[in-house]
Amino acid sequence: METDSQRKAVITACRVDCPDACSIIATKNPDGRWILRGNPEHPVTQGFLCRKVAYFIKRHNSPSRLVHPMLRKGNRWVVISPDEAVDICAEKIQKLLASPERILHVQGHGVRGIYQDSVRYFFASIGSSTTDGSLCDGAGIEASITDFGTLDHNDILDLLNAEIIVNWGKDLKRSSVHLAALTRKFRKKGGRVLTISPGGCDLEGLCDHHVLISPGTDRFLAAALIKELILPTEPARDCPALNNCDGVEKFEEALKSFALQDLLRICGVDRQDFERLKAIYGGNSRVSTIIGWGLQRHRHGGETVRWINALCYLTGHVGKPGEGVYYNISSRRYFNYDGVTVPEGSVNPYRRSFPLPRLAKSLLQADPPIEFAWIHGTNIVNQAPSSYEVAKALKKIPFVVVVDAFFTDTVRFADLFFPSTLMWEDEDIVASCMHNYVQYARAFLEPPGDARSDREWIDAVSSRINPPIKLPSRKECYSKALKSPAFSETALDELRTRGFVKAKHPGIVFLEGKTARPDGRFLLVDRLSPEPDYHPDFPLRLLSLIRGEFLHSQILPEDHSERPPYVWVSESSPFTRDIRDGALARIITPVGSMRVKVKKLPEGVIHPRVVIYRRDDWWRFGGGINRIVADEITDMGVTAAYYQQCARIETEDDR
Ligand code: SF4
């Protein structure tokens, strides 16, 4: 029998859209099963992985997996050969090359990597249409770049040097188990954590005090703290940080437009909690602030992040060990993509761009219309707001190709299906949007049937175009992407042997308050937009939050067990008083309605104005919350304002 040391361990990585970007050791058991554990050498992975991994492995062997190309014929799908499928696509693309803006490329982050990203090279070369905007974090990114001149934060491990962490809205356990572990370690060594959220976060073991806030009103709390701590009198108190800010006049005007009691009334934070926060931000302890991405999925999401940035900057809790504001970093920032995702030297090769959060509307209005779409790495019908409209827009496109591994809500509206590999069937290199390590993901599973990587399918199509388009090889992609000041010459070798390398990073950013703006100054937010009143017919805010066990809509058909899906409301909510716990109900928005089961949570766990839905389950199994979410856009960064959605719940009990 093979011993542990005889079993071959493979160093690989997780390539899904998760900030942790884990380095992984995969070992094959004598019974043929692969056992995955976190790489103990990796400073962030620290030897453990999340519970999603079991489902990732299950996806590889799922009976629901589709492993052959399929063509829609009327209402039927027929299996066709890879050659036939590639020929059909090549012919359709060839016909449109004279007006390539009629070809649309939609790429998501279902699986990440440098080589995976190089699919873009093909569409950039022909000058197709593409997408822009964000379904995730764009408003906060633009807000941070506006204020600080760049998207950066202290090394994530520096959180351990803080004395207090303010977790402003992040569900640590569900969104990043390694950030959660870091927070646990921080508390164990005596650090205090205060969480601000409207509820929906699993705080057990991760928090010393929870401040419940009305959804989407965090900017008013940040403004109230600034009003009390920085600008209590006129003229403004001598504040060294304020002297290094631009935009002071408009900032002061915005602050003056609200009285303190109004700011507190709007955000619903009680005086005791406010004083607690005042003591934290106004005190001498080292404070680090983590900003959750949900905060910027409201209409004024960019503004909210800017007010929190301003609070941290003005109170001096930025640019020192243990003191920083953590939104995120770009996982692509260390890579050189010239010649990898676009032909060398080309700046904006796409003819047109469609905003992802408003994909349906913009596609339906497109002139000239889109005639061919290639969609991969995303279940866009499920993930984008207004799913019905997105489906309608796809149906209007004469030919839609989807590359995926399952019959998702998006594949339902395709004309041709290509079976894709899953993340451990193809190698790649991935970075993180949270830490400064880059990981090597080695393939250790064989692709089943005709499954190929997204890049292989596009290679096959591009070789049949006349003249053929040659995409950069894997070797070229890696060597070009790693040719960056962040890496040494030996980075690729190190990646292959050790599984990860650290990109060069100063550790602490914005030292002594010096930002990355050209003059080193911080730019203050120039407005405090009022929060719209609740519509009397829709008195709740629908927060469609992430799950802990699945990543986005990577949920297998066989794992859709909750039918109808649950919503959670507060026992103390006057807007659901007549609905009993466990009742069958409908959640209704101005966009549509869905059948759900209601769970009531004790007072104080979630805000009475909130209804929580755990998103990403599929429409075809009764889920798909984006069917009833409007395609509103945030104030900055063209991001989907999912959490601005108002709703009500009606019981079905007495029908
Ligand atoms: S989903 Fe995230 S935490 Fe889980 S294994 Fe992948 S990278 Fe690590």
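Computed from heavy atoms alone, side chains included, the values below leave out hydrogens, waters and symmetry copies. Order of appearance sets the numbers: ligands from 1, and atoms from 1 within every ligand.
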In plain terms, say whether K480 and E476 are close enough for a salt bridge, that is, a side-chain N and a carboxylate O under 4.0 Å apart.
no
A student checking ligand 1 against A21 at a 4.0 Å heavy-atom cut-off should list atoms 7 (S)
Around atom 4 (Fe) of ligand 1, how many protein N/O/S atoms fall inside 2.8 Å?
1
Below 4.5 Å, heavy atoms only, C-beta onward: do W568 and V605 meet side chain to side chain?
no
Can you label the angle between the F444 ring and the W34 ring as parallel, tilted or perpendicular, going by 30° and 60°?
tilted
Quick one: does ligand 1 sit under 4.0 Å from the side chain of S176, the backbone, both or neither, non-hydrogen atoms only?
neither
Between Y478 and E427, does any side-chain donor sit less than 3.5 Å from a side-chain acceptor?
yes
Taking atom types as modelled and ignoring hydrogens, do the side chains of R333 and N436 form a donor-acceptor contact shorter than 3.5 angstrom?
yes
Looking only at non-hydrogen atoms, find the nearest pair between G322 and S288 and report the distance.
O-OG, 2.9 Å
Among Y121, F123, F122, W374, which one satisfies ring pair (Phe, Tyr, Trp, His ring centres under 6.0 Å) with H105?
F123
